[in-house]
Chemist: 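Take a look at the following structure, please.
Note on naming: letters A, B, ... go to the chains in the order of the sequence lines (proteins, then strands), and numbering restarts at 1 for each one. Because the structure is predicted, anything quoted here is derived from the model rather than measured.
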2 protein chains.
Amino acid sequence: MRRNTRQRDAVASALAQIPGFVSAQTLHGQLKAQGDTLGLATVYRTLASLVDDDRADILTSPDGENLYRACTTSRHHHHLICRTCGMTVEIEADAVEQWAQSLASEHGFTGAHHVVDVFGDCAACSAQPRA
Amino acid sequence: MRRNTRQRDAVASALAQIPGFVSAQTLHGQLKAQGDTLGLATVYRTLASLVDDDRADILTSPDGENLYRACTTSRHHHHLICRTCGMTVEIEADAVEQWAQSLASEHGFTGAHHVVDVFGDCAACSAQPRA
DNA sequence: TGTCTTATTGAGAATCATTGTCAATATGCC
DNA sequence: GGCATATTGACAATGATTCTCAATAAGACA
Ligand SMILES: [Zn+2]
Ligand SMILES: [Zn+2]
Ligand SMILES: [Zn+2]
Ligand SMILES: [Zn+2]
């Protein structure tokens, strides 16, 4: 049974207030900065459980860090991510799901998962001069 | 200037003989097993330079490891990867390319790149009992 | 409300891929 | 051959993530 704890709420609500993806480390830092005291390991565990419950998204940044984001929907979806400001658009694309599914089965693969993310510069960031 | 060394050749040819993606660690292990002596750091550096020269592909596995593969084509493509044995199928899917492209432009994104990889267990590995 | 079971926490150690250090070595150009 | 320097390798260092395990607290139940 999953118990409700102060820490779990703190992590979930902190995550919900952040517009883009954050790392566990950063989230932990922000929580501590605002007075919440909780262990880093707890943040990792809580984020993992949120992902497990489809209440958060996870993705690996180009430099190998795991980033998390509160899900607005629990349905499977993909992302369009601004590599400059981190702004994220959630994407649902049945065509891609079906493509991935049939691709895997055509080649005899089972238990297929897929990673489909699009990175670019959003309209706002495209208009800015280089950072 | 880039110099040709025994180690670079060893890494490049070892990589070329492997059908799928391998980690730097694994490749280093195989090289040592076949008698080549070279440092792990050298394998990392050489693989990075191969990627830099577009002579190798790199991707990050679901568990955060960097995997490398000798490029057979310089054309843009995706992969269907066995998470057990690393066997890889190269995929070209214009539909996905167009989808990603139009998705990005619909949302005002510029300079879009995408990550599209499918992981699963290949037919051979699916037939095996659990490792 | 009090008790009990056990999920959860937290501080720090441990893991593990990857990168940095730097003296020793080897390559390409003359 | 000789030189400048790119490269190597053994090892330390980094850094994110996970593990350990005793202490704590959530929730069920009486
Ligand atoms: Zn942006
Ligand atoms: Zn999908
Ligand atoms: Zn396989
Ligand atoms: Zn593509």
Chemist: With ring centroids as reference points, do His79(A) and Phe21(A) lie under 6.0 angstrom apart?
Modeler: yes
Chemist: Nearest whole Å is fine: how far is dT24(D) P from Arg3(A) CZ?
Modeler: 16 Å
Chemist: Which listed nucleotide (dG9(D), dT17(D), dA6(D)) is nearest to the side chain of Leu38(B)?
Modeler: dG9(D)
Chemist: Side-chain donor or acceptor of Arg45(B) under 3.5 Å from a matching atom on the base of dG9(D)?
Modeler: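 Check passes, donor-acceptor contact within cut-off.
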Chemist: Within the supplied structure, the quantity of interest is the number of heavy atoms (other residues, nucleotides, ligands) at a distance under 6.0 Å from Arg8(A) CZ; does it exceed 12?
Modeler: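 Check passes, neighbour count above 12.
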Chemist: Could you tell me whether the phosphate oxygens of dG28(C), OP1 or OP2, come under 4.0 Å of any side-chain nitrogen or oxygen in Asn4(B)?
Modeler: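 So the side chain of Asn4(B) is within the cut-off, an N or O lying under 4.0 Å from OP1 or OP2 of dG28(C).
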Chemist: State whether Thr42(B) places a side-chain N or O below 4.0 Å from either non-bridging phosphate oxygen (OP1 or OP2) of dG9(D).
Modeler: yes
Chemist: At under 4.0 Å, does any side-chain N or O of Tyr44(A) touch on OP1 or OP2 of dT18(D)?
Modeler: no
Chemist: Verify the contact: side-chain N or O of Arg6(A) to OP1 or OP2 of dT24(D), cut-off strictly under 4.0 Å; return yes or no.
Modeler: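 Looking at the OP1 and OP2 atoms of dT24(D), neither is under 4.0 Å from any side-chain N or O of Arg6(A).
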Chemist: dC11(D) P sits how many Å from His28(B) NE2, rounded?
Modeler: 12 Å
Chemist: Does Asn66(A) place a side-chain N or O at less than 4.0 Å from the phosphate oxygens OP1/OP2 of dT17(D)?
Modeler: yes
Chemist: Need one value for Thr37(A): base, sugar-phosphate or nothing, where a base atom within 4.0 Å counts as base even if backbone is also close, heavy atoms only.
Modeler: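 Sugar-phosphate, backbone atoms only, no base.
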Chemist: Answer yes or no: does a side-chain N or O of Thr5(B) lie under 4.0 Å from OP1 or OP2 of dT8(D)?
Modeler: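 Yes.
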Chemist: Separation of Leu47(B) atom CG from dT8(D) atom C1', in whole Å?
Modeler: 15 Å
Chemist: Does Gln7(B) put a side-chain nitrogen or oxygen below 4.0 Å from OP1 or OP2 of dA26(C)?
Modeler: no
Chemist: Does any N or O in the side chain of His114(B) come within less than 3.5 Å of the main-chain N or O of Gly120(A), such that one atom is a donor and the other an acceptor?
Modeler: no
Chemist: Donor-acceptor pair, Thr26(B) side chain versus Val22(B) backbone, under 3.5 Å?
Modeler: no
Chemist: For Glu65(B) and Val43(A), find the nucleotide of DNA chain C closest to each by heavy atoms; which residue's nucleotide sits nearer the 5' end?
Modeler: Val43(A)
Chemist: When the distance from NZ of Lys32(B) to P of dG9(D) is rounded to whole Å, what number comes out?
Modeler: 11 Å
Chemist: Roughly, in whole Å, what's the span from CZ in Arg2(A) to C1' in dA26(D)?
Modeler: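 Atom-to-atom, Arg2(A) to dA26(D), this comes out as 14 Å.
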Chemist: Which nucleotide, dA17(C), dG12(C), dA16(D), lies nearest any side-chain atom of Ala41(A)?
Modeler: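 Between dA17(C), dG12(C), dA16(D), the one nearest the side chain of Ala41(A) would be dG12(C).
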Chemist: What are the two closest heavy atoms between Leu31(A) and Ala10(A), and how far apart are they?
Modeler: CD2-O, 3.8 Å
